[in-house]
Amino acid sequence: MTLSSSLNSFSITPKASPSKNPVIFNLLRTPSLTTHLKLNPIFIPSSLSLFTQPSRLTPKTQSFQIPKIRSLFTGIVEEMGQVKQLGTADHGGFDLKILAKTVIEDAHLGDSIAVNGTCLTVTDFDTRLGEFTVGLAPETLRKTSLSELKPGSLVNLERAIQPTGRMGGHFVQGHVDGTGVIVGKEAEKDSLWIKVKADKELLKYVVPKGFIAVDGTSLTVVDVFEEELCFNFMLVGYTQQKVVIPLKEVGKKVNLEVDILGKYVERLLSNGFVDSIKRS
């Protein structure tokens, strides 16, 4: 702080000190104001003047790219729909038309609906007929088991969640990581054990008591069999009546989406995230 005086005026000019946290304050700072307060002490109508000048300091800005999540599901299947038709459409793409009731009650063009765990976009719908159409890209046909569908096939359906709804399952994006093959089915009282074989690259993200989406159904992994490249889960009687998995025979494919948290952890570790934390 500098102090100066004269016969007719007295002024105080504060001097800015460097911030102890320059990075944080540079992100939040707006151009600061340097204040000069001048007071005339003469016993006539006094004048009080306040002058402000913008600081020459230029705030630093930093941009962050936030990953966009187009849709989010819970893995709690709302209903089983029935494939009405599928194949190449007049526009040259591959369309899938499904009969349904619940998921098209409030449907709009462009909405996202998970079909056997695959996030697809509604391109046409008819609430009177109870049907909607989605388009399938070539990559979707290669990556999922939807290419095995035929007229009459049943599929799991779930609308994208709204922020006001209950989170009954886990975070499911509808981005299928790959397919697995059912290699075992065994009943235990009214429950059903299902064993699935998966690629090694997918199995590394599967852990006992962890989440996995199978044909879009949020399930809890019971055991992982590393030597067999398999994992299993159990379906209670209620779930068996609400999803398509029990209807599939041994040897049939299922869509798999692993818990995305595992992939993020792997990514951070491979980029030396832990080492950078230790050095800081």
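Counting heavy atoms from C-beta on, the side chains of D223 and F231 never come closer than 4.5 Å. Put simply, the side chain of P151 reaches to within 4.5 Å of the side chain of L86, judged on heavy atoms. A 4.5 Å side-chain heavy-atom check between V134 and D95 finds every atom pair outside the cut-off. Contact check for F233 versus V221: no side-chain heavy atoms found under the 4.5 Å cut-off. Contact annotation: the side chain of D199 never approaches that of L229 to less than 4.5 Å [non-hydrogen atoms, C-beta and beyond]. A heavy-atom distance below 4.5 Å is found between the side chains of L136 and L120. In this structure the side chain of L235 reaches within 4.5 angstrom of the side chain of P246, judged on heavy atoms. Within the 4.5 Å cutoff, no side-chain heavy atoms of D190 are placed close to those of V236.
A salt bridge is absent between K195 and E186; no separation between the charged side-chain nitrogens and carboxylate oxygens falls under 4.0 Å. At a threshold of 4.0 Å, the pair K263-D177 counts as salt-bridged, since one of the basic side-chain nitrogens sits closer than that to a carboxylate oxygen. Taking the charged nitrogens against the carboxylate oxygens, K197 and E228 have no contact shorter than 4.0 Å, which rules out a salt bridge.
Counting non-hydrogen atoms of neighbouring residues, nucleotides and ligands closer than 6.0 angstrom, the NZ atom of K209 exceeds 12 such neighbours. A 6.0 Å sphere centred on NZ of K204 holds more than 12 heavy atoms belonging to other residues, nucleotides or ligands. Around NZ of K185, the count of heavy atoms belonging to other residues, nucleotides or ligands within 6.0 Å exceeds 12. Applying the 6.0 Å contact sphere to NZ of K252 captures no more than 12 heavy atoms from other residues, nucleotides or ligands. Within a 6.0 Å sphere centred on CZ of F171, heavy atoms belonging to other residues, nucleotides or ligands number 12 at most.
Residue pairs meeting the ring-ring contact (aromatic ring centres under 6.0 Å, His included) criterion with at least one member in residues 108-141: none, sequence neighbours excluded.
The side-chain hydrogen bond (donor to acceptor under 3.5 Å, both in side chains) search around K253 returns none, not counting sequence neighbours. Among residues two or more places apart in sequence or in another chain, the ring pair (Phe, Tyr, Trp, His ring centres under 6.0 Å) test is passed with F211 by H170.
A donor-acceptor contact shorter than 3.5 Å links the side chain of E257 to the backbone of G174. When atom types are taken as modelled, the side chain of T133 and the backbone of L96 share no donor-acceptor pair closer than 3.5 angstrom. Using modelled atom types, no side-chain atom of T118 and backbone atom of A114 make a donor-acceptor pair closer than 3.5 Å. A donor-acceptor pair is defined here as one N or O able to donate and one able to accept, closer than 3.5 Å; such a pair exists between the side chain of E79 and the backbone of K101. Side-chain atoms of T144 do not come within 3.5 Å of backbone N or O of L141 as any donor-acceptor pair. Between the D126 side chain and the R128 main chain, a donor and an acceptor come within less than 3.5 Å of each other.
Of the options V77, D215, V214, a side chain to side chain contact (heavy atoms under 4.5 Å, CB included) to V244 is made by D215 and by none of the others.
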Please evaluate residues D259 and I212 with respect to the criterion side-chain contact (heavy atoms from CB on, under 4.5 Å), reporting the C-alpha separation (whole Å), side-chain torsions for both, the decisive distance (0.1 Å), and the verdict. CA-CA 6 Å; D259 191 350; I212 192 167; over 6 Å; no
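In this structure, a donor-acceptor pair under 3.5 Å is present between the side chains of T74 and E158. Side chain to side chain, N255 and S145 meet the donor-acceptor criterion of an N or O pair below 3.5 Å.
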